[in-house]
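Down below is the structure, laid out as structure tokens.
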Amino acid sequence: MIRWGRHKQRKWQQRSKLEQVEVSTRWMLLLTPWIYFVGGMPQFLVQVDDQQSAKTLSGVVVVLAVVQCVLGVRGLPRGIDFYLGLGEAPRRLLAAATVTFALTTAVVTVLVARDWVGDAAEPAMALFAGVPSVTGVYGLVVSRRRSAAVTAGGCLFVCCLFAAAGMAWPSLLGTLFVLGLGGLVGIFSPRCSAWYLAVMRELDEAKEAQSRLAVAEERLRFSRDLHDVMGRNLSVIALKSELATQLARRGSESALAHMEEVQRLARQSQSEVRAVVRGYRETGLETELAGARAVLRAAGVDCRIESAELELAPGAQSALGWVVREGATNVLRHAEASHCAIRLMAGAADTAVLIMENDGLRPEPAPGGSGLTGLSERLAALDGTLTAERDEAARLFRLRAEVPLSRGHRAVPPVGEPDAGVLADTDADTETDTDTDTDAHARAHADVGETAGSVRGEGLE
């Protein structure tokens, strides 16, 4: 039994917050018909006459009320699914519950006419035990105004039947109040719960859409940078290649000079692409901290940052920035956290320590990925360390990174990304021919004009 309970607890903790709220709300709605049954039926039974016929009819009322509760338990989840757009309306269950309520009303009316039940609000309590099973499902299927109007009409009709059976008018007022209150609560309680679930689903979908849009915006930014860098040079390369091809066909020696210029532009483009990628990777630590706080708060996570003013080397800033980025990503993807704390402080032996804590600790560790492995390699290149800790007592997950303040080794890129240093080694002997960025822009424009003039001068056809 204890093992079963622990297994259920782990499964519950593995659910997302939205799933936990939805499951608990559905279970509370399933208990609602039985709560009304327990609240109303005993008050009815204690006022029934001791005659055998009266006891038989009261037993029929109890059985019909139990049937109504069962139909309500089956109909409410389907009504919620219909309200959320996940299924069809439970019309057959609603019709069966309505017929059962009508039969219960008829039997109670007979008891009132024979004076076998107290002449107060006790007959209304018998109907009160089953009315939410009907109005709850009906309120989820139709509009609020229609459900309220139909419920009010039904309450008046029941009061008319009791009046025809001989019930006094003070008891009729009590019956109208009890049935009206039970009917309205039965309508709006499930409907408000379903509306609450619908709003939470929309917020969850908006959160996912926001994450996708952020990724798409970053990709567009990177593509624009690449277009700005490569577009001009590729146009010049294409034009000069065409010119060199035509000159080579005519046997002109100037074709070699144009091809050398194409080679120079290609190397220049390669260097500029590396510069774009390097700038894309090496984001400032303060920028990453601000971005992480904005993203986490947008996702509903209370993010607090405590940052000390430390003189960090560029390599250390880049590495810690990657730790912040990866840590925030893990909080969004793998944790159901409500609080996250990020602290940057000075450590022992002239080091900087970055600690990220969140209260979204899962009962079982998530399968290992390449993110933390890549961060460990990146920090190891700086003589730094990365540790991930699980604090079961405080229900916290802690990510701790420590790097020296002054040393600046070459950072190791994350797993799956090419190393810019390796690319640089492949053509280190040609980098000396690359011009500075300032001269490159001017020369590129000059090359376009020179090439166009050469095309006209050579008389290409």
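Nothing here was measured: the structure is a model prediction, and the numbers come from that model. Residue numbers run from 1 in the order of the sequence given.
- Residues L379 and V323 have side chains in contact (heavy-atom distance under 4.5 Å, counting atoms from C-beta outward).
- Note on R219 versus E217: no salt bridge recorded, every NZ/NE/NH1/NH2 to OD/OE distance being 4.0 Å or above.
- Between L320 and the options L289, V353, L285, a side-chain contact (heavy atoms from CB on, under 4.5 Å) holds for only L285.
- Sparse packing is recorded around CE of M28, with 12 or fewer heavy atoms of other residues, nucleotides or ligands lying under 6.0 Å away.
- S24 places a side-chain N or O within 3.5 Å of a backbone atom of V21 that can act as its donor or acceptor partner.
- Between S307 and E286 the shortest heavy-atom distance is OG-OE2, 3.5 Å.
- Side-chain atoms of R390 do not come within 3.5 Å of backbone N or O of F397 as any donor-acceptor pair.
- Considering CZ of R74 and CZ of R92, their distance stands at 11.5 Å, rounded to 0.5 Å.
- Counting only distance, with no hydrogens or angles, the side chain of S147 and the backbone of R144 share a donor-acceptor pair below 3.5 Å.
- In the displayed structure, R26 atom CZ is contacted under 6.0 Å by more than 12 heavy atoms of other residues, nucleotides or ligands.
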Please report the C-alpha distance between E22 and R201 in whole Å, then the side-chain angles of each, then the deciding distance to 0.1 Å, and finally whether the side chain to side chain contact (heavy atoms under 4.5 Å, CB included) criterion is met.
-> CA-CA 10 Å; E22 185 165 348; R201 283 175 172 265; 2.9 Å; yes
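- Between D350 and P404, every side-chain heavy-atom pair lies at or beyond the 4.5 Å cut-off.
- The shortest side-chain heavy-atom distance between I342 and I355 does not fall under the 4.5 Å cut-off.
- In this structure, CD1 on I237 lies 8.5 Å from CD on Q268, to the nearest 0.5 angstrom.
- Judged by distance alone, with hydrogens and angles left aside, the side-chain atoms of T135 form a donor-acceptor pair with the main-chain N or O of V131 at under 3.5 Å.
- Once rounded to the nearest 0.5 Å, the distance linking CG of L140 with CZ of R78 reads 13.5 Å.
- Put simply, the side chain of F37 does not reach to within 4.5 Å of the side chain of Q68, judged on heavy atoms.
- When each of V108, T175, V61 is checked for a side-chain contact (heavy atoms from CB on, under 4.5 Å) with P123, only V108 meets the rule.
- The shortest heavy-atom contact between V141 and A89 is CG1-CB, 4.0 Å.
- We find the SG-CE distance between C340 and M356 to be 4.5 Å, quoted to the nearest 0.5 Å.
- The structure places OG1 of T98 at 4.5 Å from CG of L94, a figure rounded to the nearest 0.5 Å.
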What do the steps show when you test V331 against L296 for side chain to side chain contact (heavy atoms under 4.5 Å, CB included), and what is the final call?
-> CA-CA 8 Å; V331 172; L296 292 176; 3.8 Å; yes
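- Taking 4.0 Å as the cut-off between side-chain N and carboxylate O, E306 and R304 do not count as a salt-bridged pair.
- Contact annotation: the side chain of F128 never approaches that of L181 to less than 4.5 Å [non-hydrogen atoms, C-beta and beyond].
- Between E122 and F44, the shortest heavy-atom distance links the atoms O-CD1, 3.5 Å.
- Contact of the W34 side chain with the V66 side chain is registered, since non-hydrogen atoms from C-beta on lie closer than 4.5 Å.
- Between I187 and Y138, every side-chain heavy-atom pair lies at or beyond the 4.5 Å cut-off.
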Tell me, with the steps shown, if C303 and I305 meet side chain to side chain contact (heavy atoms under 4.5 Å, CB included).
-> CA-CA 7 Å; C303 181; I305 296 178; 4.2 Å; yes
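- No side-chain donor-acceptor contact under 3.5 Å links Q47 to the backbone of Q43.
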Kindly indicate, with the supporting measurements, whether the criterion side-chain hydrogen bond (donor to acceptor under 3.5 Å, both in side chains) is fulfilled by D359 and S338.
-> CA-CA 7 Å; D359 59 353; S338 58; 2.7 Å; yes
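- Residues A129 and M41 share a closest heavy-atom pair of CB-CE, 3.9 Å.
- H339 NE2 to D302 CG: the interatomic distance, rounded to the nearest 0.5 Å, is 5.5 Å.
- Annotation: side chain of L172 is in contact with side chain of F162 (closest heavy-atom distance under 4.5 Å).
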Verdict with reasoning, R400 to L354, per side chain to side chain contact (heavy atoms under 4.5 Å, CB included) | CA-CA 6 Å; R400 187 178 188 276; L354 177 71; over 6 Å; no
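- Scanning all heavy atoms of the two residues, the minimum distance from F101 to L127 falls at CE1-O, 3.9 Å.
- Residue L45 comes nearest to S58 through the heavy atom pair CD2-CB, 4.2 Å, listed as atom of the first residue, atom of the second, then distance.
- No more than 12 heavy-atom neighbours from other residues, nucleotides or ligands sit within 6.0 angstrom of CZ on R91.
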